[in-house]
**Q** 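Have a look at the structure that comes next, please.
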Amino acid sequence: GNSVTQMEGPVTLSEEAFLTINCTYTATGYPSLFWYVQYPGEGLQLLLKATKADDKGSNKGFEATYRKETTSFHLEKGSVQVSDSAVYFCALIRIMEYGNKLVFGAGTILRVKS
Amino acid sequence: DAGITQSPRHKVTETGTPVTLRCHQTENHRYMYWYRQDPGHGLRLIHYSYGVKDTDKGEVSDGYSVSRSKTEDFLLTLESATSSQTSVYFCAISGPPDRPLQETQYFGPGTRLLVL
């Protein structure tokens, strides 16, 4: 079946450090992949996405590349800020008969200290 | 931001009582979803709708029912609340009129439900 595995957190970094959050997936075919971010007390926001192999999604300094060879979609940022503290969810899309379903990883808490 | 509101935002109820959560959208998206968020599980799909009066079950649908009588509203009902249904509930939408097959889902702010 379809599933997503993320690295466990929390991840604690100092401001301006390099960030990597690992995400691997199991799926039939090559589904679109997503990173969502949840700031404290809020709903999920789309951070970036990639729709096919070797695509790179990017937004707000975050990047992730769709790697079909390693079935991975790791999230990276070169220099994190305190405002990046949030929960990050990796997800894939599963096509249903009517509509689509997001399959989420468990989420990774990121804490950035000044 | 997609125009999605959820009500109530916080709810405390007792075991055995019925509870209804409301999701309202102003974007005229075709698809609407209810997810629950629990630590260690990410978000899991409860039910979804692909049109007015058209709904289907997700992976954790036991104990929940839904209704969609008009495009903009999607209701989630806990028929007899249990402590295991204590969670944060999120509504999502997808499929704008000009791109009905768009995959991106947009989420509401969530409803925090505590069942005592």
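Chain letters run A, B, ... following the sequence lines, proteins first and then strands; every chain starts at 1. This one's a predicted model, so the numbers in the text were calculated from it and none came from an experiment.
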**Q** Is it the case that one hydrophobic cluster holds both A:Tyr25 and A:Phe89, taking links as side-chain heavy atoms less than 4.5 Å apart, direct or via other members?
**A**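 Each belongs to a different hydrophobic cluster.
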**Q** At a heavy-atom separation under 4.5 Å, does B:Leu43 approach chain A through its side chain, its backbone, both, or neither?
**A**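 B:Leu43 touches chain A through backbone and side-chain heavy atoms alike.
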**Q** What do you reckon, is OH of A:Tyr30 surrounded by more than 12 foreign heavy atoms closer than 6.0 Å?
**A**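 At most 12 heavy atoms, drawn from other residues, nucleotides or ligands, come within 6.0 Å of this atom.
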**Q** Quick check on the interface: out of A:Val87, A:Ile93, A:Thr51, A:Val103, who has the most heavy-atom pairs with chain B under 4.5 Å?
**A**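 So the answer, after comparing A:Val87, A:Ile93, A:Thr51, A:Val103, is A:Ile93.
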**Q** Mind checking whether A:Val80 and A:Tyr39 sit in one hydrophobic cluster, side chains of I, L, V, M, F, W, Y counted as touching below 4.5 Å?
**A**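 Same cluster.
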**Q** With a 4.5 angstrom heavy-atom cut-off, could you sort out which part of B:Gln6 is near chain A: side chain, backbone, both or neither?
**A**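 No part of B:Gln6 comes within 4.5 Å of chain A.
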**Q** Please classify the contact between A:Glu8 and chain B as side chain, backbone, both or neither, with a heavy-atom cut-off of under 4.5 Å.
**A**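 Neither; nothing under 4.5 Å.
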**Q** Side chain, backbone, both or neither: which part of B:Thr104 has an atom under 4.5 Å from a heavy atom of chain A?
**A**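 When you check distances to chain A, atoms from both the backbone and side chain of B:Thr104 fall under 4.5 Å.
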**Q** CZ/B:Phe107 to CD/A:Gln38 distance, rounded to the nearest 0.5 angstrom?
**A**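 Interatomic distance, B:Phe107 CZ to A:Gln38 CD, rounded to 0.5 Å: 9.5 Å.
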**Q** Tell me whether B:Val115 shares a hydrophobic cluster with B:Val60, the cluster being built from Ile, Leu, Val, Met, Phe, Trp, Tyr side chains joined at under 4.5 Å.
**A**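 Both belong to a single hydrophobic cluster.
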**Q** Sort B:Arg9 into side chain, backbone, both or neither according to what part of it lies under 4.5 angstrom from a heavy atom of chain A.
**A**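 Contact with chain A is through the side chain of B:Arg9 alone.
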**Q** Applying side chain to side chain contact (heavy atoms under 4.5 Å, CB included), run through A:Tyr98 and B:Thr55 and close with a yes or a no.
**A** CA-CA 9 Å; A:Tyr98 300 103; B:Thr55 64; over 6 Å; no
**Q** Salt bridge or not between B:Glu103 and A:Lys49? Use side-chain N to carboxylate O under 4.0 Å.
**A**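 Here B:Glu103 does not pair with A:Lys49 in a salt bridge, since their nearest N and O are not under 4.0 Å apart.
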**Q** Could you tell me the separation between the NZ atom of A:Lys101 and the OH atom of B:Tyr48, rounded to the nearest 0.5 Å?
**A**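 That separation rounds to 9.5 Å.
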**Q** Is there a continuous path of hydrophobic side-chain contacts, each under 4.5 Å between heavy atoms, that joins A:Val112 to A:Leu19?
**A**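 Shared cluster, yes.
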**Q** Evaluate whether atom CD of A:Glu16 has more than 12 neighbouring non-hydrogen atoms of other residues, nucleotides or ligands under 6.0 angstrom away.
**A**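 For A:Glu16, atom CD is not crowded (no more than 12 foreign heavy atoms under 6.0 Å).
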**Q** Identify whether B:Leu75 and B:Leu45 are in the same connected component of the hydrophobic contact network (ILVMFWY, side-chain heavy atoms under 4.5 Å).
**A**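 Result: no, two separate clusters.
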**Q** Looking at B:Glu59, I'd like to know if its CD atom is crowded, meaning that more than 12 non-hydrogen atoms belonging to other residues, nucleotides or ligands lie closer than 6.0 Å.
**A**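 Counting neighbours around CD of B:Glu59, more than 12 heavy atoms of other residues, nucleotides or ligands fall under 6.0 Å, so yes.
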**Q** Of all heavy-atom pairs between B:Gly40 and A:Ala106, which one has the smallest distance, and what is that distance?
**A**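 Smallest interatomic distance, heavy atoms only, reads O-CB, 3.5 Å.
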**Q** Is it the case that the side chain of B:Tyr33 and the backbone of A:Leu102 share a donor-acceptor pair, with hydrogens and angles ignored and the cut-off at 3.5 Å?
**A**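 Judged by distance alone, no pair lies under 3.5 Å.
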**Q** Under the side chain to side chain contact (heavy atoms under 4.5 Å, CB included) rule, what do B:Gln105 and A:Tyr36 come out as? Steps first, then yes or no, please.
**A** CA-CA 10 Å; B:Gln105 294 185 16; A:Tyr36 279 84; 3.8 Å; yes
**Q** Enter the distance from A:Glu42:CD to B:Phe90:CZ here, rounded to the nearest 0.5 Å.
**A**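 One finds 10.0 Å between CD of A:Glu42 and CZ of B:Phe90.
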